[in-house]
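We count ligands from 1, going down the list as the structure has it; atoms in each ligand are counted the same way. Note: hydrogens, waters and symmetry copies are ignored here, and every other heavy atom, side chains too, is used. Start at 1 with the first residue, then count along the sequence.
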Amino acid sequence: MTSRRSNIIGGRDVASEQWTPNVNPSDTSDVIAEYAHGSSSDAEEAVGAARDALSGWAFASPQQRADVLDRGANEVIRRADELGELLAREEGKTLPEARGEVLRAGQILKYHGGQALRNAGEIIDSVRPGLEVTMTREPLGVVSVITPWNFPIAIPAWKIAPALAYGNTVVFKPAELVPGCAWEQADILRRAGLPEGVLNLVMGTGREVGPVLTGSADVDGVSFTGSVTTGEGILATTTPHRTRVQLEMGGKNPLVVLDDADLDVAVDVALQGAFGATGQRCTASSRLVVTDGIHDRFVAALTDAMQAWRVGDARDDGTQMGPVVNASQLEQDERYLAVARDEGGEVRGGERLKRPTAGHYLAPALVVGTTNTMTVNRDEVFGPVAAVIRVADFEEALAVANDTEFGLSSGIVTRSLAAASHFRRHSTAGMVMVNVPTAGVDYHVPFGGRRASSCGPREQGSYARDFFTVVKTSYVAPGSP
Ligand code: UN1
């Protein structure tokens, strides 16, 4: 019989009436386990449990918070092979990618364990003689954490870890497609010593669980990563209660390749940035903006490299690109390729692939001969699809790179320090990469974008404190006991 995993509310396992099978995208006959399909009343119970646990955790010693996160981190790191295997099996990343993501989650938990001990305030003389003013950071309160399917363990870690470090309590709703790593992480933190109700896991659909997690007057903040449409919906439901939001949404990230680029570096950066993790990253390099003098050589070399990539079962040795996450995502990728053809692009690759197991396999696709106004260069595809835009020179490349509704990550491949510096200065993205892929970021520095990509304070590193704390200013009169 398939095993079942319940929601975790107030420290207890809470079964649900319905259960959702967790299906392996590399082999759809493989069901990993069944996971609770939570209801809106489960979500209400979880918000209540988080509210009840808040004052105990908010006033807990930072040592206690640091210890829980550190113990959790150690277990995640110790179990990296097993959890990496689970991640690859439920999401479809290759084993090295999946194991890397698990280690990253462990490092994030460790980092924020340390941050719990570094929540220092400030002190300044008042303008009124003798008075002292202090500025301290207090927990925001009850925080809903809503995460996507493409990073099943790292994104939850980089929201939950700072939330807990600064004394908040959490209701966590992972994407329905990847409950496995979510459940493991919540269980690890529970066993690492979190008091009951401090972290609650509610698996279920956004439609049923989402309105409570974003619309409840008892929720003080929502940290979300996912689509622009869902993010905008969250803005609408949080506004009546003035709930604080942190929204990480789409990207349409440009990678500029200049004539003077090292061709091997350019091809490798493009390949990893566009097709790593099956292109299913909001930081993926989906627009390759290439100057005229290198365009033909770059496109030929990238096409060869892309076609040599081994696409297969995420857990097979030597697989370089795993499957697309599910059937509807695969259909969406194919729809965008059809539209790209209709609008005049030449599609290389992008065909469905047969493998020994029934999975959602798609060859990486490169659309050549596109302009920046075509649909494939405006909408986020979220799959192994990149488009090439030929430009005359650096000036045009920069203008095209910045001409997008999004603004998450951008990159340039060049040997010119002057060009790289100019690009870093004038790119209107939140993150700029020189001679490295637009995707793949460090965990101890801020993450986030501009315009339609992001809304609210930055995630990650020490900047995470801005979202997960509120500032208190206190005045102390002279001679106070
Ligand atoms: C990365 O590129 O390392 O959902 C992280 C996403 C992003 C995370 C990307 N929020 O793809």
**Student:** Judged by atom type as modelled, is there a donor-acceptor pair below 3.5 Å linking the side chain of Thr370 to the main-chain atoms of Val388?
**Tutor:**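 It does hold such a pair.
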**Student:** Both conditions, 6.0 Å and 45 degrees, for the charged tip of Lys110 above the ring of Tyr443: are they met here?
**Tutor:**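 Relative to the ring axis of Tyr443, which defines the angle, Lys110 lies outside at least one limit.
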**Student:** Tell me, do Lys159 and Glu459 make a side-chain contact under 4.5 Å, heavy atoms counted?
**Tutor:**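 They are in contact (side-chain heavy atoms under 4.5 Å apart), so the answer is yes.
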**Student:** Is Arg65 reaching over with its side chain to a backbone N or O of Ala165, donor-acceptor style, under 3.5 angstrom?
**Tutor:**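 Checked: pair present.
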**Student:** Could you list each N/O atom of ligand 1 together with any protein N/O atom closer than 3.5 Å, one pair per line with the distance?
**Tutor:**
{"residue": "ligand 1", "atom": "2 (O)", "partner": "Thr283", "partner atom": "OG1", "Å": "2.6"}
{"residue": "ligand 1", "atom": "2 (O)", "partner": "Gly440", "partner atom": "N", "Å": "2.8"}
{"residue": "ligand 1", "atom": "3 (O)", "partner": "Arg104", "partner atom": "NH1", "Å": "3.3"}
{"residue": "ligand 1", "atom": "3 (O)", "partner": "Arg104", "partner atom": "NH2", "Å": "2.8"}
{"residue": "ligand 1", "atom": "3 (O)", "partner": "Gly440", "partner atom": "N", "Å": "3.2"}
{"residue": "ligand 1", "atom": "3 (O)", "partner": "Val441", "partner atom": "N", "Å": "3.1"}
{"residue": "ligand 1", "atom": "4 (O)", "partner": "Asn150", "partner atom": "ND2", "Å": "3.1"}
{"residue": "ligand 1", "atom": "11 (O)", "partner": "Asn150", "partner atom": "ND2", "Å": "3.0"}
{"residue": "ligand 1", "atom": "11 (O)", "partner": "Cys282", "partner atom": "N", "Å": "2.6"}

**Student:** Using a strict 4.0 Å threshold on nitrogen-to-oxygen distance, state whether Glu85 and Arg315 make a salt bridge.
**Tutor:**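 Judged by the 4.0 Å cut-off on N to carboxylate O distance, Glu85 and Arg315 do form a salt bridge.
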**Student:** Salt bridge or not between Arg71 and Glu75? Use side-chain N to carboxylate O under 4.0 Å.
**Tutor:**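 Salt bridge between Arg71 and Glu75, a charged N being under 4.0 Å from a carboxylate O: no.
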